[in-house]
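Working notes, beginning with the structure itself.
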Amino acid sequence: MNMPDSGTSRQVVTKIKDKLGLTLVNQGVVSSEIVINALAVKEKNSAGHSGIRASRGLAQILAEDFNIDRDAVFGAVAKVYGFREISLTEEDTNEERVKFMKKMIELLPESSREYMANKQIMPFRYDKLRPYKLIFIAADPTDRMIPVLARAMKVQTYDVCYVAYSEMMALLEKVMPRENLFLKELEDNPEQFSDADIEEEDLDEALLDAEINKSLLVNLAEGMLIEAVRVGASDIHIVPKNSGSTDIHFRIDGMLRPWHSQEGIRPEAISAVMKDRSKNVDRFERERAQDGFIQRKIDDHSIRYRVSIMPIVGSEYQYKFESIVIRILDDRSVITDLDKLGFHGIARASFLKAIKQPQGMVIVTGPTGSGKSTTLIAALSHIVTPEINVLTVEDPVEYIIPGVRQLKISPKMNFEAALRSILRHDPDVVMLGEIRDKETGETAIKLANTGHLTFSTLHTNDAPSAVSRLYKMGIETFLIAYAINIIIAQRLMRRLCSKCKKQITEFDEKFITRLHFTMDELRSHTIYEPVGCDHCHNGYKGRVAVHEALYFTKAIRRMIFEAKGDINEEVIKEQAIKDGMMTLQESARMRVFEGTTSFDEVARVTSDD
């Protein structure tokens, strides 16, 4: 793989004549190559389109088309163009201020109010020193519709200030809560859900259709898909309880939370409605697992849902129950900036060093839902340039990565066929979705040893145990030792809500000792615990990663090479710590010292050995 040297990078930067583009590159927000590509999109839009699409600026294109962090981009916009930045306080969002904002937007037609909600724009307050001047706040202060909105409000003088996207979204939920029409209809017509009188052992499809049609199950299904996206859920779980009851849960920040319990409707009817909405799923098949997908446009964003259906057994054996889990794939949640992954100290330097090698393997390990795919996407986004050919083999393809050619495993192209194809497709970098067996492991090792930088994932508890896992699959120690650049183990911890977290003044010494904290350490840091408020989920809001980065130094390679069939994970771990590796538990402890998470989260996601 030929990475551009610093001289080439400087030459690329000199091609950028846009002031904002240069600022973003110099601040490290985005690469010069992406800025050049975005400017090309802007020029193409101006030449070939009219209206809003043609008027999109560089910042909008970077955020919307290239998934660059909105706050980083528009924070730079505010500085470059001299917009004042406001951080909203409790006083700014109190009941009186919200009433003022609601009163102002009532002057506007429905289309303008919808635009303001979609683009995060709001009339905020009148200037204290100049009470005739209205202050607008916006996630994009350069939006060209703001003057139009001001005129519609009959405002002669106004100013525009920048507020971060996340803060604007929280404010909009208070001022202009997005109405879920599907759920509203359910609330307005609860009588349409009535008990089903189907007792026979074999399910009567005609009666099932009648039950679906007489009820508002379609609204329940659509409302559920919309609400899950709006509350930031990663998964939806639909689980039958008995013949006339179904529970629906949302997974938020890694924890399942009850959302709705539907009584008086057969679970088979709810399953049938979800199957009707899913592609590649047979509604009448109830005895085998099925996988499908759904696509919707929600709040002006395209959302994909991956649907998994499995037959399960209930206490009433005559019924054919199915569990449905729906993974929500929202491109807005994808991290493409390595700095936002939260590597501590030497881990970041080791990871960057590993992914900039021309060949070798980068393995990310951890359980399902630990953010492995996010880390790989950020790594690929960091190294992708027009000069290299990046190919991925995934099952399924979850997120589209700009500049990467992604292959999807299907009945017509299995894993083996996909690998043969990519090897003939002149790759520089390859990502294999997961090492599941000896075949995929050997293929990944072969790619790494033949001049390809290779990325993949593995399910193990920590980084050293990944070495044992590969050996137990049947891969020789000398291949493991010299093919791998780095193994990253990671977990996701819930982040304490910044609005309600409370400082701890008294500690349970027995508990903190079990987590390997000392009282001296805790006295020298400010430690917090969760409380809970309207902005969070039981004191937590969002998640943060912790990492264990096992970089393959010469000592580690020699140790594995000389193992001769007896991989000692503890010895590898001890050597890695000598080389500077921070364990998962150490990384989690750092999050506590930062005030990011709690003792309970350290206990939940890390072992106490």
Side-chain angles (χ1 to χ4, degrees), residues 347 350-351 353-355 357-368 370-373 375-376 379-380 391-395 409 414-416 418-419 422-423 427 429-491 547-577 579 581 583-584 607 609:
S350 298
F351 191 57
K353 185 178 178 182
I355 68 175
Q357 297 296 317
Q359 63 187 47
M361 278 193 72
V362 174
I363 299 175
V364 183
T365 79
T368 301
S370 60
K372 299 187 297 296
S373 296
T375 298
L376 289 180
L380 290 177
L391 295 171
T392 73
V393 181
E394 301 169 74
D395 182 21
I409 300 299
N414 60 24
F415 186 78
E416 187 179 348
L419 286 177
I422 64 171
L423 288 172
V429 178
V430 176
M431 184 181 84
L432 307 179
E434 182 185 345
I435 297 176
R436 300 177 180 177
D437 48 36
K438 181 180 179 181
E439 180 191 4
T440 54
E442 286 182 337
T443 302
I445 294 285
K446 179 181 177 182
L447 284 165
N449 278 328
T450 53
H452 303 89
L453 181 60
T454 307
F455 293 84
S456 194
T457 65
L458 195 63
H459 286 277
T460 60
N461 290 328
D462 58 16
S465 62
V467 178
S468 294
R469 177 75 183 278
L470 290 171
Y471 178 73
K472 288 171 183 175
M473 282 182 181
I475 299 171
E476 296 293 341
T477 53
F478 73 91
L479 291 174
I480 298 171
Y482 293 101
I484 298 174
N485 295 343
I486 195 170
I487 300 173
I488 299 285
Q490 71 177 54
R491 298 288 189 279
H547 304 92
E548 181 175 279
L550 172 57
Y551 188 80
F552 274 44
T553 59
K554 289 182 179 179
I556 295 290
R557 294 187 194 279
R558 184 169 58 252
M559 192 175 292
I560 296 170
F561 178 76
E562 294 174 353
K564 303 298 182 186
D566 182 21
I567 303 293
N568 191 322
E569 296 174 17
E570 284 303 315
V571 173
I572 293 173
K573 184 176 181 177
E574 287 171 9
Q575 180 60 48
I577 292 172
D579 294 335
M581 182 185 83
T583 65
L584 281 169
S607 61
D609 55 342

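Heads up: numbering here begins at 1 and tracks the sequence. Only heavy atoms go into these numbers, but all of them, side chains included; no hydrogens, no water, no symmetry mates.
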Over all heavy atoms of both residues, which pair between I486 and A354 is shortest? Give the atoms and the distance, please.
->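 Result for this residue pair: CG2-CB, 3.4 Å.
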Shortest non-hydrogen contact from I445 to L479?
->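 That closest heavy-atom pairing would be CG2-CB, 3.8 Å.
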Assess whether side chain to side chain contact (heavy atoms under 4.5 Å, CB included) is satisfied between T477 and M559, documenting all intermediate values.
-> CA-CA 10 Å; T477 53; M559 192 175 292; over 6 Å; no
[X] (side chain) donor-acceptor with [Y] (main chain) under 3.5 angstrom:
| X | Y | answer |
| --- | --- | --- |
| K438 | I475 | no |
| T392 | M431 | no |
| H452 | V429 | no |
| Q490 | S370 | yes |
| K353 | Y551 | no |
| R491 | H547 | no |

Enter the distance from [X]:[atom1] to [Y]:[atom2] here, rounded to the nearest 0.5 Å.
| X | Y | atom1 | atom2 | value |
| --- | --- | --- | --- | --- |
| I488 | S350 | CD1 | OG | 7.5 Å |
| I484 | R557 | CD1 | CZ | 8.5 Å |
| L458 | L470 | CG | CG | 5.5 Å |
| E476 | E442 | CD | CD | 9.0 Å |
| I480 | I560 | CD1 | CD1 | 7.0 Å |

Side chains of T440 and E434, donor plus acceptor under 3.5 Å =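 The answer is no; no qualifying pair exists.
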Short side-chain donor-acceptor distance under 3.5 Å, E548 and T583 |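 No - no donor-acceptor pair under 3.5 Å links their side chains.
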So do the side chains of [X] and [Y] get within less than 4.5 Å of each other, counting heavy atoms only?
| X | Y | result |
| --- | --- | --- |
| I355 | L380 | no |
| T368 | H459 | yes |
| I435 | M361 | yes |
| K573 | M581 | yes |
| F552 | I487 | yes |
| L432 | F455 | no |

Which residues satisfy the side-chain hydrogen bond (donor to acceptor under 3.5 Å, both in side chains) test with T365, sequence neighbours excluded?
->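 T460.
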Around F561, counting heavy atoms of other residues, nucleotides and ligands shown, do more than 12 lie under 6.0 Å from its CZ?
->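 Open: at most 12 neighbouring heavy atoms sit under 6.0 Å from CZ of F561.
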